[in-house]
Amino acid sequence: MVVDPLIELLDVNKYFGELHVLEDINLTVGKGEVVVVIGPSGSGKSTLCRAINRLEPIQSGTIKLDGQPLPEEGKALARLRADVGMVFQSFNLFAHKTVLQNVSLGQVKVRKRKKEEADQRSRELLGRVGLADQAPKFPAQLSGGQQQRVAIVRALAMEPKVMLFDEPTSALDPEMINEVLEVMRQLARDGMTMVVVTHEMGFARSAANRVVFMADGRIVEDRTPEEFFTDPHSDRAKDFLSKIL
Ligand code: ADP
Ligand code: MG
């Protein structure tokens with residue numbers, strides 16, 4: 001039982017044409033919880049994240065954030081996107097804006113902060129992830145690991161209620177994976193509510209409160225990492241773990 005739910009998915013169904021990509025999904029994420037979502041490619045993990053952010057509409061069911069159904073359009077939708085920070089596999093920074101501008105832009109546009117105030121906050125957050133010196137540079141001048149840390153900071157600058165990570169380290173060279181995971185571990189320790197799709201099982205073991213295992217658009221297991229990794233119940237999970245561990 002989740003005591004204080006922040007995200008609730010109730011009987012959610014999503015189709016792409018004939019393809020049933022999310023099938024009767026019921027999932028609750030409590031405030032301050034870290035939920036790691038794992039599963040084979042094509043199982044619907046990205047679609048699940050995108051549905052929570054309303055980047056993908058659903059055909060039936062309800063998704064609530066902080067007790068409220070997701071808004072469908074307009075300013076409320078822009079605020080939802082700010083409340084639900086999202087970090088993708090590809091870093092998605094604005095190539096023609098500096099690191100500082102990337103982090104400040106949404107704060108000014110959506111959160112209506114003054115530019116000076118936004119910039120100050122951006123610099124402080126960049127400093128916290130070791131990127132103070134990078135503020136005037138353009139994304140292409142940064143390493144992949146640095147760009148991903150900027151993407152995290154950009155979402156954090158909006159003061160989101162929850163952070164969604166969709167394979168945030170999958171596009172990184174191995175030596176850069178840890179610097180990004182370390183920022184995520186710190187966020188988790190600071191009490192951020194997080195949904196993390198990842199193949200980094202070390203992160204799942206050490207940082208997750210729960211592991212959600214998906215296959216073919218369904219949630220097959222939803223348990224603590226300890227339970228899941230030592231005693232997976234389903235054949236699908238056993239098979240998956242045997243291939244990646
Ligand atoms: P995962 O992230 O677990 O790899 P996805 O959520 O990306 O899975 O995809 C789930 C299924 O939906 C896959 O079969 C994929 O090919 C399909 N799919 C994803 N996005 C689209 C789309 N925009 N149009 C049609 N099919 C899609
Ligand atoms: Mg995916």
Side-chain angles (χ1 to χ4, degrees), residues 7-29 34-63 65 70 72-73 77 80-81 84-93 144-145 147-148 151-152 155 162-174 176-177 180-181 184 194-205 207-208 210-223 225 228-229 232-245:
I7 301 172
E8 293 164 276
L9 289 91
L10 307 164
D11 297 323
V12 168
N13 284 278
K14 158 99 192 152
Y15 298 81
F16 285 118
E18 302 276 282
L19 189 66
H20 200 170
V21 267
L22 296 178
E23 208 172 326
D24 299 325
I25 297 287
N26 285 286
L27 178 67
T28 306
V29 180
V34 177
V35 173
V36 165
V37 180
I38 64 175
S41 177
S43 55
K45 307 180 298 294
S46 293
T47 307
L48 178 78
C49 287
R50 292 168 60 82
I52 294 172
N53 204 339
R54 228 180 174 288
L55 290 167
E56 293 286 355
I58 55 173
Q59 273 80 39
S60 72
T62 308
I63 304 179
L65 179 71
L70 299 189
E72 310 231 325
E73 55 189 17
L77 184 57
L80 170 79
R81 301 260 163 83
V84 182
M86 182 134 182
V87 176
F88 302 89
Q89 180 174 337
S90 54
F91 321 125
N92 290 99
L93 298 174
Q147 289 186 54
Q148 197 59 308
I152 294 171
V162 54
M163 288 282 290
L164 308 179
F165 294 87
D166 189 2
E167 300 201 25
T169 60
S170 295
L172 296 178
D173 292 335
M176 293 173 190
I177 290 176
V180 172
L181 292 180
M184 293 167 61
M194 295 163 62
V195 176
V196 184
V197 178
T198 186
H199 297 295
E200 294 294 329
M201 295 302 131
F203 178 85
R205 276 177 192 274
R210 279 155 59 207
V211 172
V212 166
F213 176 74
M214 289 185 74
D216 298 329
R218 290 174 165 276
I219 292 177
V220 181
E221 304 204 26
D222 178 352
R223 301 163 65 211
F228 179 76
F229 288 112
H233 286 166
S234 61
D235 288 341
R236 291 301 297 266
K238 283 178 198 164
D239 182 55
F240 178 78
L241 288 173
S242 75
K243 283 177 182 147
I244 62 159
L245 290 181

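Counting starts at 1 for both ligands and their atoms, in listed order.
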**OP:** Please indicate whether Gln59 has more than 12 foreign heavy atoms, meaning atoms of other residues, nucleotides or ligands, lying under 6.0 Å from its CD.
**Re:**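 It does: Gln59 CD has more than 12 such atoms within range.
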
Subject >> Set of residues that line ligand 1, where lining means a heavy atom lies under 4.0 Å from it >> reply: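 Heavy-atom contacts below 4.0 Å: Phe16, Leu19, Val21, Pro40, Ser41, Gly42, Ser43, Gly44, Lys45, Ser46, Thr47.
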
Subject >> Separation between CE of Met176 and CG of Leu181, rounded to the nearest 0.5 Å >> reply: 13.5 Å

Original post:
Which value, rounded to the nearest 0.5 Å, describes the distance between Leu48 atom CG and Asp166 atom CG?
Top reply: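 Answer rounded to 0.5 Å: 9.5 Å.
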
Restricting to non-hydrogen atoms, name the atom on [X] and the atom on [Y] that form the minimum distance, rounded to 0.1 Å.
X      : Y      : answer
Leu22  : Gly44  : CD2-O, 3.6 Å
Lys243 : Asp239 : NZ-OD2, 2.9 Å
Ala237 : Pro232 : CB-CB, 4.0 Å

Original post:
What protein N/O/S atoms are found closer than 2.8 Å to the Mg ion (ligand 2)?
Top reply: Ser46 OG

Original post:
Which residues pass the ring-ring contact (aromatic ring centres under 6.0 Å, His included) test with Phe240, sequence neighbours left out?
Top reply: Phe213

**OP:** Apply ring-ring contact (aromatic ring centres under 6.0 Å, His included) to Tyr15 and list each qualifying residue two or more places apart in sequence or on a separate chain.
**Re:** His20

Original post:
Can Ser234 and Glu221 be said to form a side-chain hydrogen bond (donor to acceptor under 3.5 Å, both in side chains), step by step?
Top reply: CA-CA 8 Å; Ser234 61; Glu221 304 204 26; 2.8 Å; yes

